[in-house]
Enquirer: 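Here you go, one structure.
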Amino acid sequence: MNVGIDVLALATGHYVLDLRSLAAVRGADPQKYTLGLGQDFMSVPSPQEDVVTMGVEAGLRALERISDPTTIRLVLFATESSIDQSKSAGIYIHHFLKLAPSCRVVELKQACYSATAALQLAVAFVRQNPSDKVLIIASDIARYGLNTSGEPTQGCGAVAFVVSSSPRLLSLEKTTGVYARHIMDFWRPNGQDEACVNGRYSAVAYLDALGKVWEEFQHNGGVSFDRIDFICYHTPFTRMAEKAFVRHLEITQSTKKTLAHLSTLLTPALIYSRCLGNCYTASLYVSLLSLLENTAGDLSGARLGFFSYGSGCVAEFFTGILSSGYRDVLFFEAHAQAIAQRLLLTVPDYEAFYTQLSSPVFAPDSCYQTGPLRFLGIKNYQRHYDFAR
Ligand code: HMG
């Protein structure tokens with residue numbers, strides 16, 4: 001039985017910051033951001049956006065392609081920007097998407113890896129229940145603090161994917177390689193809304209994990225590097241994914257792929273990340289969408305590899321085969337519009353948004369640009385939303 005991703009949709013914040021204007025205010029060389037990190041813009045959430053508003057927008061888009069949403073019997077919400085210590089953000093998604101009451105809903109956490117954990121759990125669930133579907137929402141807001149070295153790698157976004165049997169987008173292959181190890185490269189203690197990070201160490205740990213999962217993938221009988229047509233790497237900033245590709249070439253000593261292939265095999269997968277920034281759990285799947293929506297021509301039948309990395313750390317390498325006709329379920333125009341129509345912020349406005357997001361007040365009369373769901377703030381310890389549908 002083929003099981004995998006049936007539909008994949010993206011949403012992001014409705015504001016954007018040009019990193020060249022940030023560099024000017026921070027006194028940095030803009031090329032450090034655009035070349036050194038490989039980032040041009042970052043998506044910025046307004047005070048009326050959060051992981052739920054982005055997740056609902058992506059979820060509504062994904063459901064446009066699902067003829068019978070009552071077949072969704074499990075919702076997995078993957079995030080490291082949790083809004084509650086107890087209640088899953090997935091319950092809000094389940095509510096606003098009007099899903100059937102006979103449905104399991106849960107939130108998963110392991111830094112950027114948890115969307116991949118959700119995917120593997122969903123695949124196992126669908127293998128047991130082939131007529132059921134699983135909705136995964138991966139939604140995050142990356143925050144390192146104003147004027148920190150991580151700041152230019154911030155961003156936000158959500159992906160919604162439906163996992164089913166006979167998937168119209170991508171069938172997952174069974175062999176994977178996984179790796180877990182307790183390290184302190186990046187974490188966010190309770191009560192803090194910004195990540196703690198040992199930045200340069202985290203990059204070393206990421207590349208080390210790539211080597212480990214590849215070794216395990218090969219040990220488990222996975223296909224050779226040369227039999228994988230395109231690879232999507234977790235993309236905290238695009239230079240990191242490029243470094244991963246180079247490391248992958250070194251580890252595998254490929255004879256068919258060389259550095260010269262970087263622009264054709266990897267660059268299309270980085271276009272969205274370059275202008276959204278790090279979307280944490282969603283980032284790997286943003287990269288998949290970027291590859292599919294920015295590569296001219298039909299890649300049906302191509303084998304894709306995926307390197308998922310979540311700090312702390314857990315990593316996984318796995319592969320999948322693109323379904324024939326996959327282009328019919330993509331959202332080329334809607335995604336291009338979501339990215340192009342973001343409103344450009346000045347640095348002072350971005351800083352004001354950033355600060356307000358740390359301590360949301362109840363302000364139902366504010367009218368920032370949002371998607372169909374608007375976060376109104378917190379009253380009596382409860383989050384309030386206004387849904388425009
Ligand atoms: P930094 O230390 O300020 O920057 O922050 P740097 O000095 O290392 O410079 C960055 C690059 O720019 C270097 O390139 C410089 O040479 C270059 P490299 O040597 O690495 O190839 N550079 C320039 N290039 C052109 N013109 C110039 C110029 N100046 C310098 N004038 C750091 C960088 C990544 C550490 C920081 O942004 C950070 O801490 N980011 C957050 C952590 C992160 O993204 N880590 C990635 C791996 S861990 C991961 O992916 C997991 C994560 O997504 C979280 C999760 O799992 O939940 C983060």
Side-chain angles (χ1 to χ4, degrees), residues 19-20 22-24 26-40 42-43 51 78-82 107-118 138-159 179-189 192-213 232-247 259 262 270 273-274 276-287 306-317:
L19 291 187
R20 282 157 290 216
L22 183 66
R26 300 288 180 251
D29 181 345
Q31 294 205 338
K32 175 173 178 183
Y33 298 170
T34 56
L35 298 178
L37 297 171
Q39 292 302 122
D40 293 330
M42 67 162 93
S43 272
V51 289
T79 190
E80 53 181 298
S81 316
S82 179
E107 184 168 308
L108 302 174
K109 174 173 67 187
Q110 174 35 54
C112 298
Y113 171 73
S114 62
T116 299
S139 185
D140 267 307
I141 300 172
R143 287 167 64 86
Y144 292 96
L146 300 176
N147 214 351
T148 59
S149 64
E151 184 182 35
T153 69
Q154 292 176 160
C156 67
V159 290
Y179 173 70
R181 184 178 162 220
H182 167 48
I183 56 170
M184 298 303 281
D185 61 332
F186 170 107
W187 65 104
R188 184 165 69 83
Q192 260 183 239
D193 66 2
E194 289 161 348
C196 302
V197 61
N198 289 320
R200 291 185 187 165
Y201 172 56
S202 74
V204 173
Y206 169 113
L207 293 176
D208 183 51
L210 172 63
K212 293 291 195 305
V213 292
C232 296
Y233 298 94
H234 168 56
T235 308
F237 50 94
T238 67
R239 274 294 290 149
M240 191 72 240
E242 289 175 354
K243 286 182 184 185
F245 182 75
V246 173
R247 176 63 62 87
L259 255 189
L262 194 143
L270 305 181
S273 295
R274 242 185 190 282
L276 298 187
N278 196 351
C279 304
Y280 287 163
T281 50
S283 152
L284 177 63
Y285 303 95
V286 169
S287 169
F306 297 89
F307 172 59
S308 178
Y309 179 77
S311 284
C313 71
V314 180
E316 183 157 358
F317 191 86

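Atoms within a ligand are numbered from 1 in the order they appear, just like the ligands themselves.
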Enquirer: Given side chains that start at C-beta, do those of Y280 and V51 come closer than 4.5 Å, heavy atoms only?
Expert: no
Enquirer: Quick check: closest heavy atoms across N278 and A142, and the distance to 0.1 Å?
Expert: O-CB, 3.5 Å
Enquirer: Present, as a list of atom pairs with distances to 0.1 Å, all nitrogen or oxygen contacts under 3.5 Å between ligand 1 and the protein.
Expert:
from	atom 1	to	atom 2	distance (Å)
ligand 1	2 (O)	R200	NE	3.1
ligand 1	2 (O)	R200	NH2	3.0
ligand 1	3 (O)	K32	NZ	2.8
ligand 1	4 (O)	K32	NZ	3.3
ligand 1	7 (O)	R200	NH2	2.9
ligand 1	8 (O)	R200	NE	3.3
ligand 1	20 (O)	K243	NZ	2.5
ligand 1	21 (O)	K243	NZ	3.1
ligand 1	31 (N)	D29	OD2	2.8
ligand 1	37 (O)	S149	O	2.8
ligand 1	45 (N)	S202	OG	2.8
ligand 1	50 (O)	H234	NE2	3.2
ligand 1	53 (O)	H234	NE2	2.8
ligand 1	53 (O)	N278	ND2	3.1
ligand 1	56 (O)	C112	N	3.2
ligand 1	56 (O)	S311	N	2.8
ligand 1	57 (O)	E80	OE1	3.0
ligand 1	57 (O)	E80	OE2	2.4
ligand 1	57 (O)	C112	N	3.1

Enquirer: Closest approach of D40 and T34, non-hydrogen atoms and distance?
Expert: OD1-CG2, 3.6 Å
Enquirer: Heavy-atom distance under 4.5 Å between the side chains of F307 and F245, does that happen here?
Expert: no
Enquirer: Please list all pairs passing the side-chain hydrogen bond (donor to acceptor under 3.5 Å, both in side chains) test where one or both residues lie in residues 107-118, with sequence neighbours left out.
Expert: S82-E107, Y113-E316, T116-Y285, T116-S308
Enquirer: Please verify the inter-ring angle class for Y206 with H234; under 30° counts as parallel, over 60° as perpendicular, anything in between as tilted.
Expert: tilted
